[in-house]
Amino acid sequence: MSKPSTKPPSGMRDFLPTEVLRRRHVIELVQRVYEAHGFVPLETPSIENLSTLLGKYGDEGDQLLYRLLHRREALQRPLDRAHAAGRPALEAELADQGLRYDLTVPLARVVAQYGELPRFFKRYQIQPVWRADRPGKGRFREFYQCDVDITGTRSLLADAEVCSAVATVLEQLGFEQFAIRVNHRELLRAVIRAAGIDEALEGTALVAVDKLDKIGEDGVLAELEQRGIASAAGRALLAIIAPTSAGERAGERASDGAQLLATLRAQVDERGQRAVDELQELLSLCAHNPAGQHLEVRPDLARGLGYYTGPIFEITVPDLAGSLGGGGRYDDLVGMFGKKQVPAVGFSLGLERILVVMAEREMFPALSAGPDLMLCWLGVAQPEVVRVATQLRARGLKVEVFPEQAKLGKQLSYADAEGVKAAFAGILGDAELAAGALTVKHLSSGRQQKIPLAELDPARLDALAQDPPTT
RNA sequence: GCGGGUUUAGCUCAGCUGGUUAGAGCGCCUGGUUGUGGUCCAGGAGGUCGUGGGUUCAAAUCCCAUAAUCCGCCCCA
């Protein structure tokens, strides 16, 4: 038997301490901003019933679900049954649970389940999701999403709120150039109708349209034709969508967006016009929050997930092919769980996408995992070491004890080594013990001072670190 | 799902057209004698060359397969 691989499964990662700090840095900021917008936290299980998950994301999404194989008899029974019937066992017989694919569907389930939730449930949720996808840049099989959603209202104020939340997060993280692309599902439908494309082909048309900025007009036309949409209809579709987005690609902000919407409004039917009006209203609301200057009307934006019904969003930055996040309105999803219809809108930030871009641009502040003080000792009894460490910790210091007997030089260089990086070394020997003190050395400057144990606390260390160098 | 790159020491990588004990830098360990690291000097440990086949007298090197990973495309967070 060969040795097992020590790598984590494909598309999944171990997070070493420095990585955890970076992730935590971002997550904590996201939490603060979401909470400042009045969202409350929710956590749901990693595993959901397949009946909850299936049929919400479209065929492609269903394919990407991780399913949990039945165990023991529950697995054996369908296998036997299939074997007896001389057929392969069906996926549906072998599993009825799977790992969650996103955080929106679990939210919808929760909203359908608990009647006691506030009428306007504003929840945020930061948890991993799983997709059996091919890994790529900024794309993993296990990744965190940071969702904010508001259920219970059709008011566009809610849409504006979730946009404000994510825009604030990105700004506070230090992103400057990002766009919140916005479109409307009903507008897309209307445009497709206006182009004379069969409703049945709406889905395929949307997929092609979504690629406009990647493969260009000719590419979309070719793809549309390939999918059975007449080139005349394809051209009509592009005539509505393309000139506007191509002509003003550089930066349609709220003001230009209004212009663009007016042009679109003139070309669609009444339902389409209502969608345009909604976008118009969203723009005017967001003009007064941090999202406003990042909103960009994109009539070619489609998005994959099946459940969107109204405005749809996607966040893009110049140097990443994919998106940093996305969202939209999904007024029918909660209703799919039976009981009552509950409208909802939400936005999801992809934690790893944000981290990838931040790492590339070196946007992280200095984050240190190391202890405040490494307790180095020599020639004293170990119980004394433990006692001093305990005392220092009680005074609010993060203290690590050098675990072995070793030369002082060894201990000091370890304290300052990569991956350890204690800010200070505390030297405990006979002299210090007798004096009830500790020789404290600031490792980056080399400055050191003998300080009585009773005076040692974070403030005292700070003072030592900031002392002007004495030469 | 498609195309391309990469895979050699803990890390970053060299190893040309196949030829004896596979190298460097960094890191690590030991020492340069007493309680002062980040500089220097001297030593040292550490690799079944991703995995499995094949060609050959001989393979890290050539061929095939497979896996992991990265970069484009598709799709998505």
Rounded to whole Å, please give me the gap between [atom1] in [X] and [atom2] in [N].
| X | N | atom1 | atom2 | answer |
| --- | --- | --- | --- | --- |
| Leu412(A) | rU39(B) | CG | C1' | 16 Å |
| Phe143(A) | rC76(B) | CZ | P | 12 Å |
| Lys407(A) | rG38(B) | NZ | P | 12 Å |
| Arg100(A) | rA77(B) | CZ | C1' | 14 Å |
| Lys7(A) | rG50(B) | NZ | C1' | 7 Å |
| Arg447(A) | rG37(B) | CZ | C1' | 16 Å |
| Glu314(A) | rA77(B) | CD | P | 7 Å |
| Trp130(A) | rA77(B) | CH2 | C1' | 14 Å |

Worksheet item: Is the distance between the ring centroids of Tyr124(A) and Phe39(A) less than 6.0 Å?
Response: no
So what does [X] touch, heavy atoms closer than 4.0 Å: a base, only the sugar-phosphate, or nothing?
| X | result |
| --- | --- |
| Leu443(A) | base |
| Ala431(A) | base |
| Gly379(A) | nothing |
| Gln448(A) | base |
| Gly11(A) | sugar-phosphate |
| Gly326(A) | sugar-phosphate |
| Phe140(A) | base |

Fill in: Cation over ring face, Lys56(A) and Phe337(A), 6.0 Å, 45°
yes
Please measure how far the [atom1] atom in [N] lies from the corresponding atom in [M], and state the result in whole Å.
| N | M | atom1 | value |
| --- | --- | --- | --- |
| rG44(B) | rG3(B) | C1' | 47 Å |
| rA65(B) | rC26(B) | C1' | 36 Å |
| rU55(B) | rC63(B) | P | 15 Å |
| rA9(B) | rA24(B) | P | 14 Å |
| rG43(B) | rC49(B) | P | 29 Å |
| rG46(B) | rG54(B) | C1' | 32 Å |
| rA67(B) | rG18(B) | P | 29 Å |
| rA14(B) | rU61(B) | C1' | 13 Å |

It should be established whether [X] places a side-chain nitrogen or oxygen under 4.0 Å from OP1 or OP2 of nucleotide [N].
| X | N | answer |
| --- | --- | --- |
| Lys441(A) | rG38(B) | no |
| Ser10(A) | rU69(B) | yes |
| Lys410(A) | rU30(B) | yes |

Discussion item. Just by distance, no angles: are the side chains of Gln391(A) and Arg393(A) close enough, under 3.5 Å, to form a donor-acceptor pair?
Written reply: no
Worksheet entry | No-hydrogen, no-angle side-chain donor-acceptor test under 3.5 Å, Thr439(A) and Glu432(A) | yes
Fill in: Glu384(A) atom CD, over 12 foreign heavy atoms within 6.0 Å
yes
Worksheet entry | Gly409(A) or Leu351(A), whichever maps to the more 5' nucleotide of RNA chain B | Gly409(A)
Item to complete: Could you pick out which residue, Arg141(A) or Met12(A), lies toward the 5' side of RNA chain B when each is mapped onto its nearest nucleotide?
Response: Met12(A)
Practice prompt. Determine whether any donor atom in the side chain of Gln63(A) lies under 3.5 Å from an acceptor atom in the base of rG1(B), or the reverse, and answer yes or no.
Written response: no
Discussion item. At less than 3.5 Å, do the side-chain atoms of Arg134(A) and the base atoms of rC76(B) form a donor-acceptor pair?
Written reply: no
Worksheet entry | Carboxylate-amine/guanidinium contact Arg23(A) Glu352(A), below 4.0 Å | yes
Fill in: Residues Glu314(A) and Arg298(A) bridged, charged N to O under 4.0 Å
no
Worksheet item: Which dot-bracket string describes RNA chain B (Watson-Crick N1-N3 plus N6-O4 or O6-N4, or G-U N1-O2 and O6-N3, all under 3.5 Å; [ ] crossing; | other strand)?
Response: (((((((..((((.....[...)))).(((((.......))))).....(((((..]....))))))))))))....
Item to complete: Name the closest nucleotide to the Glu352(A) side chain, picking from rG37(B), rA77(B), rG35(B).
Response: rA77(B)
Worksheet entry | Closest to side chain of Arg131(A), choosing from rA77(B), rG37(B), rU36(B) | rA77(B)
Practice prompt. Look at the rings of Phe313(A) and Phe347(A) and say which category their plane angle falls in: under 30° parallel, 30 to 60° tilted, over 60° perpendicular.
Written response: parallel
Practice prompt. Measure the acute angle between the ring planes of Phe178(A) and His294(A), then classify it against the limits of 30° and 60° as parallel, tilted or perpendicular.
Written response: parallel
Item to complete: Look at the side chain of Arg353(A) and the backbone N and O of Ser323(A), then say whether any donor-acceptor pair between them is shorter than 3.5 Å.
Response: yes
